[in-house]
There are 2 protein chains.
Amino acid sequence: MARPREFDEAAALDAAIECFWTRGYEATSVRDLAERMGITGASLYNAFGDKHALFRRALDRYSERGTTARIARLEGQVPPRQAIETVLRDIIEESLRDTARKGCLVINSALEVAPHEPDCRQAVADRLGRIEAFFCRAVAAGQADGTITPVLPPEDVARNLLAVLLGIRVMARVQPERELFEGMLRSALTLLGPVTPAAG
Amino acid sequence: MARPREFDEAAALDAAIECFWTRGYEATSVRDLAERMGITGASLYNAFGDKHALFRRALDRYSERGTTARIARLEGQVPPRQAIETVLRDIIEESLRDTARKGCLVINSALEVAPHEPDCRQAVADRLGRIEAFFCRAVAAGQADGTITPVLPPEDVARNLLAVLLGIRVMARVQPERELFEGMLRSALTLLGPVTPAAG
DNA sequence: CGTGTTTTAGATCGAACGATATAAAACACA
DNA sequence: TGTGTTTTATATCGTTCGATCTAAAACACG
């Protein structure tokens, strides 16, 4: 019983994601956002509240469609070792295609926004915790079915895999290089043991 | 043959480092900087040029006294394996004491500033490249004297160690936890092989 | 076809931004 | 003790910031 929205909220959020992703939170102005979202400043404030609330919406939307979503699709569908490797290889390829050096919005926000905003910090910590937990479950599953060596605790292997993921995301914003990324991954995969567990 | 400086440039730069380190580049205003540096805006611009030039000076000064300096002091003085472990353990302890979640200025700048400013990107890439090169030299030296297993190429081990360093620095800004940091390190050190190479 | 409600567009708010102009103050050198 | 030069302090400069006001436009409902 009122005038309807003239813009697609999802598309507008995608445009906001693009802005925050590329330039960061502080360097993105509300005028930048409104222009890229194809709406006026008044509509932006009417629909989303303020800049910070819009950022939270953008961060949440990005999170739902990022690595966490890929993990949900892979886990249980492919063997654990392959799931781990696929997640990290996809991030490597994405980072090498990322000529604008956007990196990952969650991890960019981890450094720029999270330390000063408790709710963003919680959201970022939650996402990274889920990734670490996935790695841990996958390693444990691989150890259970014999495809991953049980000499290391799955928690520690998962932490190294998380470090590799974070390392790739950081270097993607500075100097994306295939050999660097694949070297990080190769050594981490060594922690899983030989690919085919040679029986005797 | 003129009026002398009334402020200590080094101390002023330290104050500027503190500002950029804690709040980041964009969120730090020139007025914040001048106040913390104990000088007026006019003196700041007269002495340093503009905000970006001051940031570069601060980043350079920080870099000279950070991990790179510690590496220079350790390398050649202690066994390679111990040098690697000391560097990373120091970063872990520093991160756990870092209640303000400042992390590392170089890596914070890697995400916020480097993608958009070629000269900062070059400076950051140079610093991280030096750290990776140190890890590589240390692993190679350890392999040469038999204290590090030669089954992995030193380049790849160095890349994983760099990823662990970056991972610690990222998580230090979000959620510093000893078990996470030490788990990253433990698994990376596994790549070096057993501490005492058991003969037969 | 009014009435009520929300969204739109455009103008603009006060505050803060990076940076500068001006002139007095503090030195080196003659 | 003048002269030249740099640094200092104060008061801004014009711009942009995040956010809001006003009123017209667009719908649902009666």
Phosphate contact (D:dT8 OP1 or OP2) by B:Ser43 side-chain N/O below 4.0 Å: yes
Side-chain N,O (A:Arg5) to OP1/OP2 (C:dT7) below 4.0 Å: yes
Which residue lies more 5' along DNA chain C, comparing B:Ala42 with A:Gly41 via nearest heavy atoms: A:Gly41
Given DNA chain C, 5'-ward residue of the pair B:Pro4 and B:Gly49, judged by closest heavy atom: B:Gly49
Residue that, paired with B:Phe20, satisfies side-chain contact (heavy atoms from CB on, under 4.5 Å) out of B:Leu54, B:Asn108, B:Leu59: B:Leu54
For [X] and [N], what is the distance between atoms [atom1] and [atom2] respectively, to the nearest whole Å?
{"X": "B:Phe48", "N": "D:dT7", "atom1": "CZ", "atom2": "C1'", "result": "13 Å"}
{"X": "B:His52", "N": "C:dA19", "atom1": "NE2", "atom2": "C1'", "result": "16 Å"}
{"X": "B:Glu6", "N": "D:dT6", "atom1": "CD", "atom2": "C1'", "result": "11 Å"}
{"X": "A:Asn46", "N": "D:dA19", "atom1": "CG", "atom2": "P", "result": "14 Å"}
{"X": "A:Leu44", "N": "C:dT7", "atom1": "CG", "atom2": "P", "result": "13 Å"}
{"X": "B:Glu35", "N": "D:dA9", "atom1": "CD", "atom2": "C1'", "result": "16 Å"}
{"X": "B:Phe55", "N": "C:dA19", "atom1": "CZ", "atom2": "P", "result": "14 Å"}
{"X": "A:Arg3", "N": "C:dT7", "atom1": "CZ", "atom2": "C1'", "result": "5 Å"}

Check: B:Ala114 main-chain N/O paired with B:Arg121 side-chain donor or acceptor under 3.5 Å: yes
Side-chain (B:Arg101) to main-chain (A:Pro115) donor-acceptor, under 3.5 angstrom: no
Before accepting this row, confirm whether a basic side-chain N of the pair [X]/[Y] lies closer than 4.0 Å to the acidic partner's carboxylate O.
{"X": "A:Arg65", "Y": "A:Asp14", "value": "yes"}
{"X": "A:Asp60", "Y": "A:Arg57", "value": "no"}
{"X": "B:Glu94", "Y": "B:Lys102", "value": "no"}
{"X": "B:Arg23", "Y": "B:Glu18", "value": "no"}

Heavy-atom side-chain proximity of A:Gln82 to A:Gln77 below 4.5 angstrom: no
Geometric class of the B:Tyr25/B:His52 ring pair [parallel <30°, tilted 30-60°, perpendicular >60°]: perpendicular
Members of residues 7-21 of chain B that approach DNA chain C, where some heavy atom sits under 4.0 Å away: none
Sugar-phosphate or base contact per nucleotide [nucleotides 13-18 of chain C; S, B, -; heavy atom under 4.0 Å]: ----BB
In one Ile/Leu/Val/Met/Phe/Trp/Tyr side-chain cluster, 4.5 Å: A:Ile91, A:Val78: yes
Modelled atom types, side-chain donor and acceptor of B:Asp32 and B:Ser29, under 3.5 Å: yes
A:Arg70 atom CZ, over 12 foreign heavy atoms within 6.0 Å: no
Pair assignment for DNA chain C - dot-bracket with | for other-strand partners, Watson-Crick or G-U under 3.5 Å: ||||||||||||||||||||||||||||||
